[in-house]
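All remarks here apply to the structure that follows.
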Amino acid sequence: LRVDQWGLNFTLHQGGWKGVEVRTPLRPGEWSTVTGVYDGRMMRLYVKGEEVGRREVSGPIDPSAFPLNIGRDAENPDRVSQLPIREARI
């Protein structure tokens with residue numbers, strides 16, 4: 001789950017990257033709750049509790065050799081979030 005110059009992006013890996021991408025509905029200086037959910041059949045992306053994007057995907061997520069990271073990319077340690085993360089849940 002990340003925000004970049006193209007928008008908000010929720011991705012997972014199943015033999016290749018799959019994602020839900022939307023133009024960023026976030027406003028600078030305003031706190032927002034952003035949630036990515038995968039239930040084994042559908043990826044969903046929420047902002048402030050409202051669904052802003054979805055994609056049908058089924059099956060298990062591929063295992064990773066990298067540890068879980070919040071606010072940075074384990075494969076590319078120089079890629080770190082420029083946004084403050086107040087709370088995270090898994």
Side-chain angles (χ1 to χ4, degrees):
L1 183 59
R2 71 177 185 270
V3 177
D4 57 26
Q5 64 267 33
W6 298 284
L8 192 55
N9 190 325
F10 171 43
T11 58
L12 57 84
H13 199 275
Q14 291 180 318
W17 290 108
K18 301 193 174 149
V20 176
E21 300 168 324
V22 297
R23 296 305 279 161
T24 304
L26 308 177
R27 294 186 198 136
E30 181 180 296
W31 282 100
S32 296
T33 301
V34 178
T35 307
V37 176
Y38 177 61
D39 64 8
R41 297 184 325 260
M42 184 78 69
M43 294 175 69
R44 289 184 170 87
L45 187 57
Y46 298 88
V47 175
K48 297 180 184 176
E50 292 189 34
E51 187 177 294
V52 295
R54 68 167 54 196
R55 178 178 179 179
E56 282 189 48
V57 177
S58 63
I61 299 170
D62 293 340
S64 174
F66 295 94
L68 173 68
N69 283 253
I70 296 173
R72 74 180 203 114
D73 181 341
E75 290 182 74
N76 302 291
D78 292 335
R79 290 176 65 185
V80 296
S81 175
Q82 299 302 308
L83 302 174
I85 299 170
R86 192 167 100 187
E87 183 178 335
R89 296 183 196 171
I90 299 171

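- Counting heavy atoms from C-beta outward, N69 and P67 have side chains that approach closer than 4.5 Å.
- Under the 3.5 Å distance criterion, the side-chain polar atoms of D39 are matched with a main-chain donor or acceptor of R41.
- Residues S81 and R2 fail the side-chain proximity criterion, which asks for heavy atoms closer than 4.5 Å.
- Closest approach of P77 to R72, counting heavy atoms only: CB-NH1, 3.2 Å.
- In this structure, F10 CZ and M43 CE are separated by 4.5 Å, a value rounded to the nearest 0.5 Å.
- Residue Y38 forms a side-chain hydrogen bond (donor to acceptor under 3.5 Å, both in side chains) with just one option from K18, R55, R44, Q14, and that option is Q14.
- To the nearest 0.5 angstrom, I70 atom CD1 is 7.0 Å from I85 atom CD1.
- With values rounded to the nearest 0.5 angstrom, L1 atom CG is found 11.5 Å from L12 atom CG.
- V34 is not connected to Y46 by any chain of hydrophobic side-chain contacts under 4.5 Å among Ile, Leu, Val, Met, Phe, Trp and Tyr, and they are in different clusters.
- Here W17 pairs with H13 under the ring pair (Phe, Tyr, Trp, His ring centres under 6.0 Å) rule; sequence neighbours left out.
- In the hydrophobic cluster analysis, where Ile, Leu, Val, Met, Phe, Trp and Tyr join through side-chain heavy atoms closer than 4.5 angstrom, V22 is grouped apart from V37.
- Taking hydrophobic clusters as Ile, Leu, Val, Met, Phe, Trp and Tyr residues chained together by side-chain heavy-atom distances below 4.5 Å, V47 shares a cluster with V20.
- Here the CG-CZ distance, from L45 to R54, works out to 11.5 Å after rounding to the nearest 0.5 Å.
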